[in-house]
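The next block holds one structure in the form of structure tokens; read it before the comments.
Just so you know, these numbers use all the heavy atoms, side chains as well, and skip hydrogens, waters and symmetry mates. Atoms within each ligand, like the ligands themselves, are counted from 1 in listed order.
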Amino acid sequence: MSTLIKNGTIVTADDIYRGDVYIEDEIIKEIGLNICKRADVVIDAKGKYVIPGGIDIHTHLNIHVGKVTASDDFYTGTVAAACGGTTCIVDHMGFGPKDCDLTHQVKVYHKYADGKAVIDYGFHGVIQNINDNRLEELKKLLEEEGIPSSKMYLTYDFKLSDYEALRLLARQKELGGITAVHCENNDSIKYLKEYFIKQGKIQPIYHALSRPAEVEGEAINRMINLAKIAGDAPLYIVHLSTEIGLEYIKMARDRGQMVYAETCPQYLLLTEDKLRQPDGLKYIFSPPLRRERDTAALWSGIKDGYIQTIATDHCPFFYKGEKQLGKDNFADCPNGGPGIEERIPLIFSEGVVKGRIGINKFVDVCSTAPAKLSGLYPRKGHIAVGSDADIVLIDPDKEVTMTRDILHENVDYTMYEGFKVRGYPVLTMVRGEIIVQDNKFIGKKGYGKFIKRHRITHL
Ligand code: URP
Ligand code: ZN
Ligand code: ZN
């Protein structure tokens, strides 16, 4: 099977040029001006941007949390991702039973995804405790399972102590892996939640007020210092939401530390006022939404290169019956929100079209840098000879009003209802197969492959 994409404007993380892309057997075989080869399928990309497919390295499909399960599974979630211009995800696995070994959840997640995913995928390891066995298992995870990154938490049920974090960081450095971390100070959240709830302050806004910016700032600063103490171990900070956290990251990167940061569209485009609305429960996730000065700082952080990736933390629950479990107390609302489908159009429109970032930076933060920092590059995240033909066409003139009804996520709301975007993905190809055309999924259930990732490419 061969495909020729003609007359498009090819955009990579560091280049933009007119050209054709010739694809054979899932792989990009040739790039050039006026390629005159016969192909089974010819796509006219005139007037469109031809970009490497989006890579979302922070999703939670099918995750079980307490009484509820995320409403998108590996089929519906990846269909939605594909319709939004994402061709590969790396999913953060949920916690397993106490004391389970590191491969326990990998087996569970292969069962969730196999035969369902429509785009390629990987998993991040999930760290619930640290002992000699876990440290040994990290090697197996990296070398046999294709998982070089694992996430640890400083809050929730399986938070690590500083001692455990140090051992994990040092071991990942030794193996050539990377530690991803959820940075929130657990005791501060516990104290503030009790403080507010005792006074009957149980509305959604108290979710944010019980997790102020310093909760994230303290944890980021701590983890950065622990990474240094552990022998200058690499660190990947997920879902950065605050200016104060960014300040600590800047300080560390300016000192030459290997600290990377990810933010998400919700922290760039929404503020905590959403939690004061009657439907504020829709916006309960952790870390919470912040103020305008934080959103502005995060855009600058992207522009200046201190933030390398934009992922989604897609973790959807139905408003009706699920998010509304928190109607009498914000603390009972499952944490998480949808966004896997909205990311690429939102960042293109709010970032590139509005002049906050250039188009190469857009490709970098949404595809290339996530591929590098998760061990997928250059197979994915790039348009180059030899890379997988994971390609998205964006029509820069297409105007769309974001609304639940045009999206494919299995959930009853979008956090971006009414957002007017300019520029939208009109074709999504994974390994040479067109799986979405004009917002219609035409791919096959189970086409997505698990990708064994290798050691990361440092930036
Ligand atoms: O509230 C959130 N973000 N839920 C997903 C789990 C996590 O911490 O990333
Ligand atoms: Zn997290
Ligand atoms: Zn998450």
Practice item. Do me a favour and list the nearest non-hydrogen protein atom to atom 3 (N) of ligand 1 with residue, atom name and distance? Key: Asp313 OD2, 2.7 Å

Study note, to complete from the structure: At under 4.0 Å between heavy atoms, what of Asn335 touches ligand 1? The answer is both

Check your understanding: Among all protein non-hydrogen atoms, which one is nearest to atom 6 (C) of ligand 1, and what is the separation to 0.1 Å?
Key -> His60 NE2, 3.5 Å

Review point. Would you call Asp232 and Lys228 a salt bridge, using N to O less than 4.0 angstrom?
Key: yes

Point to revise | Intermediate values then yes/no, side chain to side chain contact (heavy atoms under 4.5 Å, CB included), Tyr153 and Phe158 | key: CA-CA 7 Å; Tyr153 292 79; Phe158 291 107; over 6 Å; no

Review point. Considering distance alone, does some N or O of Tyr153 sit under 3.5 Å from an N or O of ligand 1?
Key: no

**Study point:** Backbone of Ile284 reached by a side-chain donor or acceptor of Lys323 within 3.5 Å
**Key:** yes

Revision key, fill the gap. the protein heavy atom lying closest to atom 8 (O) of ligand 1 turns out to be His182 ND1, 2.9 Å

Point to revise | Atoms of the protein (N/O/S only) found under 2.8 Å from the Zn ion (ligand 3) | key: His58 NE2, His60 NE2, Asp313 OD1

Exercise for review: For atom 7 (C) of ligand 1, find the nearest protein heavy atom and state the residue, atom name and distance (0.1 Å precision).
Suggested key: Lys151 NZ, 3.5 Å

Point to revise | Ligand-side contact atoms (ligand 1) for residue partner Phe285, heavy atom cut-off under 4.0 Å | key: 1 (O)

Check your understanding: Taking NZ, NE, NH1 and NH2 as the nitrogens, is one of them in Arg431 or Asp120 under 4.0 Å from a carboxylate oxygen of the other?
Key -> yes

Exercise for review: Answer side chain, backbone, both or neither: which part of His92 comes under 4.0 Å from ligand 1, heavy atoms only.
Suggested key: neither

